[in-house]
Asks: 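Can you read through this structure? Questions will come right after.
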Amino acid sequence: MINEKDFFEEIKHNGFNLTEQQKRAVVHNQGPLLLLAVPGAGKTTVLTVRLAYLVLVENVDPRTILCLTFGRAAAKEMRERFVKNFGTKISGQTEGQGVIQFSTIHSFAYEVVRTAFRQNGTGFEIIEEQTGANSKTGVLRRIYEKHNGLTPTDEELDGLQNTICYVKNTLSKPEKLANSDIKNFHLIYNDYENYKQCNKPQLIDYDDMLSLAYQELKGNPRCLEVYRKRFDYILTDESQDTSLLQHKIIEMVVKPKGNIFVVGDDDQSIFGFRAAEPKYLLEFKQTYPGAKILRMEQNFRSTPQIVDVSCRFIRSNKLRFNKEMFTKNPKGDILHIRQFEGIREQNQFIIQKLKSQKNLSQIGVLYRNNLSAICLADALNQANIPFYMRESGKQRFFSHWAIHDILNFLRFSFSDKSVPTLERIWSKLSCPIRKQHLDLLKQQPIDRSIFEILSEQPGVTSGGKSEYLDLKKRFKELNTLEPAKAIRYIRNELKYDKAIKRICESLGFSEDYVGGLLDILTSIAQNERTIVDFANHLMNLEEQMMSSYKHKYSNAVTLTTIHSAKGLEWEQVYLIDLVEGIIPERETIKAEQNGKTELLEEERRLFYVGMTRAKRQLTLCSMNYYHRKRVKSSRFVREVNLVMQGKNPQEIITQEGSKVQHKAFGEGVIVKEDGTMITVRFNNGSQRSFLKDICEKQTLIWSI
């Protein structure tokens, strides 16, 4: 045991030169504390030093300390960092097996559940560890097919699993989500739960670990008392990403001692779809009366230009703690906003910038959705610039049914004698082909065009015959076209877009999403002269993207979603595809127009997280056309631009002639202002008047 002064002197020699804000957090002893740490504030350093302080200065038994982190990698990193710096000073603390327990909340819950099952004399298995038809996705796929009569796409399965996770982590009832995007969700949910419980041994999933642990701690006082006696101090990291259920588990174990040290940042809560609950942080003092709230506002990562703009940008959110992020780092490059004509010009710009860089591993290209990576990866591959995709395994573009449809149309144009190929696309053709026709074709040798054979069947009208022969002609014409023109021909002349509309309306798919996939496919095909070249190009691109993980530790530029970039940093960051409908997403825009701002605030936080990954240079990339469709620059880019001009993005400029944005009616110009009313002429030609006071209170109009 050493005194506080000697402790800080000693760790200073080891490279821990803490600020006063950081020291105040480290020396907090008894009672609940919420530590709000801005991006790049050194929260991991503070957590590590605080653990050592509790043991070496406060003489806390290390076995009574539980340090909870968001993911396995973070827990492992925290343990290794602590052991490296303080392992020799704390008896029994050795790498791989420490007396301070470093754990994820799931691992802690697993321990509670395992003990409960053992005491009851029963066993269980983890469904995520099952394979094949008995795997979690296999089971959910069968149940989905049972209730909806069709096979779900990979995206739908992901959405289904996220929604199940959301229900359990928010302590909700599945019936409340009966009107969700997933048809018959509550029926699927109930069947899934019954399947797991009726299995021998019982199956549980990762979310069950939390809900079962919660039930055990809540319903078994003896069990709860064991953990309350065992842990005197609990520390949690990345608490803005913690769900309500996870918070409740921690809350039960912490009380009545109340020695909870929570580290997080409400401005970086971006996992709402996984049931992350930043509101819990905002209500921390209600949950833990007498709690202290400290702020670590110094950013050690970024330049003053990036820090200042990011700090002022996030103030547009209302549901947040006020924080004044600052830095003492030297000045750097200004924040750049680039407006391009389209994706091609954006990607060419990035490639030109990358060609002049020696250390590509210090450059990150970030985007809202994985689809944004495809055209960029293609351009990088063509330019022989190595890249690493953090989420290459989640890329479903190449396996999507719409992509397979287009390729099958092209295959059939090479030979209209293939019944198996026709079987894959016949329902998407605007023609009189029926299933009985396919059955008939399978029973006879095909030595000429299928369309000729069908046109000669008994009972075919002259109109039907004409349709069959016209299709033969169209597929022959399709085979002569360059790939990009061929895809457009399939969508328009062969009416595949109409089939997409019908399928999406019937099955609840997003027509915009499917159309976007085909726009990307067209972009990839743009420079190819033959369909064979295009097919080879596509296979090569898929191989390069799927194998990009090999470049993780080499000199390669990183491509990643903003979500996956959380906790990372690069010298240079490019945020790309910053247009309305992508960030913020269309559903978010619709919700905001209906007065629901929570999703918009989360999207703004996501944008903020992306900006604050940059250390020295940040470039925001927007465009006028996204896959040939006219688009608007993201409102967040416009907000950043106003911040850079020293303006408040949400402030209403009432001066006549000022350009404004109305959340329902779009862009316009103030044509009259009389002190209490403003009149706006909108770009669509309409003119409306509004009370200034209402506009300001409800943020209906803002300057652009």
Side-chain angles (χ1 to χ4, degrees), residues 1-5 7-8 11 18-38 41-70 78 82 86 90 99-103 105 108 214 217-218 221 224-242 244 246-266 277-297 320-323:
M1 183 174 175
I2 60 176
N3 63 49
E4 184 177 306
K5 182 180 179 181
F7 173 79
F8 282 112
I11 66 168
L18 273 57
T19 66
E20 287 305 312
Q21 284 184 330
Q22 291 174 325
K23 283 182 180 179
R24 283 200 296 272
V26 166
V27 301
H28 173 77
N29 187 6
Q30 299 290 322
L33 181 137
L34 171 60
L35 179 62
L36 298 169
V38 303
K43 63 181 181 59
T44 304
T45 294
V46 169
L47 275 168
T48 305
V49 174
R50 173 167 168 74
L51 290 170
Y53 179 87
L54 287 174
V55 177
L56 299 176
V57 179
E58 296 292 342
N59 202 30
V60 173
D61 184 342
R63 293 170 296 183
T64 66
I65 300 174
L66 173 63
C67 185
L68 295 171
T69 61
F70 186 62
M78 185 79 71
F82 182 81
F86 301 105
I90 298 175
V99 289
I100 291 179
Q101 183 171 333
F102 295 88
S103 172
I105 181 65
F108 174 74
Y214 174 70
L217 292 171
K218 188 176 181 181
L224 179 58
E225 192 60 27
V226 166
Y227 289 100
R228 282 181 170 176
K229 286 182 176 179
R230 179 173 164 188
F231 296 114
D232 291 332
Y233 290 84
I234 296 180
L235 298 84
T236 68
D237 189 17
E238 299 286 8
S239 296
Q240 74 279 349
D241 297 329
T242 304
L244 176 63
Q246 293 167 342
H247 280 300
K248 290 291 186 184
I249 291 172
I250 296 167
E251 185 182 328
M252 280 194 291
V253 177
V254 164
K255 292 180 177 179
K257 295 175 184 174
N259 291 326
I260 178 75
F261 187 89
V262 172
V263 183
D265 182 8
D266 50 304
E277 187 52 89
K279 187 180 176 183
Y280 196 91
L281 298 186
L282 297 173
E283 298 174 350
F284 190 76
K285 282 195 171 184
Q286 287 94 307
T287 305
Y288 298 100
K292 290 183 179 179
I293 297 179
L294 296 180
R295 290 165 171 80
M296 291 201 315
E297 298 166 307
R320 64 184 293 268
F321 286 105
N322 183 42
K323 294 178 284 294

Asks: Going by the rule side-chain contact (heavy atoms from CB on, under 4.5 Å), which residues pair with T44 if we only count those two or more places apart in sequence or in a different chain?
Replies: T48, M78, R81
Asks: For the pair D266 (side chain) and F321 (backbone), establish whether a donor and an acceptor sit closer than 3.5 Å, ignoring hydrogens and angles.
Replies: yes
Asks: Which residues pass the ring-ring contact (aromatic ring centres under 6.0 Å, His included) test with H247, sequence neighbours left out?
Replies: Y280
Asks: Quick check on R63: does its CZ atom have over 12 non-hydrogen neighbours (other residues, nucleotides or ligands) under 6.0 Å away?
Replies: no
Asks: Return the set of residues passing side-chain contact (heavy atoms from CB on, under 4.5 Å) with P278 (not counting sequence neighbours), or none when no residue passes.
Replies: S269, R605
Asks: Please report the interatomic distance CZ(R50) to CG(L33), rounded to the nearest 0.5 Å.
Replies: 7.5 Å
Asks: Locate the shortest heavy-atom distance separating F82 from A52; write the atom from each residue and the value.
Replies: CE1-N, 3.6 Å
Asks: Measure across Y214 and I249 and return the closest heavy-atom pair with its distance rounded to 0.1 Å.
Replies: CB-CG1, 3.9 Å
Asks: Please identify each residue that fulfils side-chain contact (heavy atoms from CB on, under 4.5 Å) with R24, with sequence neighbours left out.
Replies: E20, Q21, L294
Asks: Identify the two heavy atoms, one from P289 and one from Q286, that lie closest to each other, and give their separation to 0.1 Å.
Replies: CD-O, 4.0 Å
Asks: Just so I know, are the side chains of Q246 and E277 near enough to count as touching, which here means a heavy-atom distance under 4.5 Å?
Replies: no
Asks: I'd like to check the side-chain hydrogen bond (donor to acceptor under 3.5 Å, both in side chains) partners of Q240; sequence neighbours left out, ordered by chain and number.
Replies: E238
Asks: OG1/T287 to NZ/K248 distance, rounded to the nearest 0.5 angstrom?
Replies: 6.5 Å
Asks: Mind checking what makes side-chain hydrogen bond (donor to acceptor under 3.5 Å, both in side chains) contact with D241, not counting sequence neighbours?
Replies: none
Asks: Applying side-chain hydrogen bond (donor to acceptor under 3.5 Å, both in side chains), can you list everything that pairs with T236, at least two apart in sequence or on another chain?
Replies: S239
Asks: Is the NZ atom of K323 crowded by more than 12 outside heavy atoms at less than 6.0 Å?
Replies: yes
Asks: With sequence neighbours left out, what residues match N29 under side-chain hydrogen bond (donor to acceptor under 3.5 Å, both in side chains)?
Replies: E58, Y233
Asks: About how many Å separate CD1 of I234 and CZ of F261, when rounded to the nearest 0.5 Å?
Replies: 13.5 Å
Asks: If you measure from CG on L244 to CD on E251, what distance do you get to the nearest 0.5 Å?
Replies: 9.0 Å
Asks: Below 4.5 Å, heavy atoms only, C-beta onward: do L224 and M252 meet side chain to side chain?
Replies: yes
Asks: Is the shortest heavy-atom distance from the side chain of I100 to the side chain of V55 under 4.5 Å?
Replies: yes
Asks: Does the cation-pi check pass for K23 over F8, that is, NZ or CZ under 6.0 Å from the six-membered ring centre and within 45° of its axis?
Replies: yes
Asks: Quick one: does F102's side chain get under 4.5 Å of L51's, heavy atoms only?
Replies: yes
Asks: Measuring from atom CG of L54 to atom CG of L235, what distance do you get when rounded to the nearest 0.5 angstrom?
Replies: 6.5 Å
Asks: Suppose we screen for side-chain contact (heavy atoms from CB on, under 4.5 Å). Which residues come up paired with A41, at least two apart in sequence or across chains?
Replies: A37, V38, M296
Asks: With a 6.0 Å cut-off (strictly less than), is the heavy-atom count around NZ of K255, excluding the residue itself, greater than 12?
Replies: yes
Asks: With sequence neighbours left out, what residues match Y53 under ring-ring contact (aromatic ring centres under 6.0 Å, His included)?
Replies: F7
Asks: How long is the straight-line distance from OG1 of T242 back to CD1 of I250, given to the nearest 0.5 Å?
Replies: 5.5 Å
Asks: I need the full list of salt bridge (charged side-chain N to carboxylate O under 4.0 Å, His left out) pairs touching residues 283-295, with sequence neighbours left out, sorted by first then second residue.
Replies: K279-E283
Asks: How would you list, by chain and number, every residue that makes a ring-ring contact (aromatic ring centres under 6.0 Å, His included) with F108, sequence neighbours excluded?
Replies: Y227
Asks: Any sub-3.5 Å donor-acceptor pair from R320's side-chain atoms to D265's backbone N or O?
Replies: no
Asks: Looking only at non-hydrogen atoms, find the nearest pair between D61 and T64 and report the distance.
Replies: O-OG1, 2.6 Å
Asks: Is there side-chain contact between V46 and V263, with heavy atoms separated by less than 4.5 Å?
Replies: no
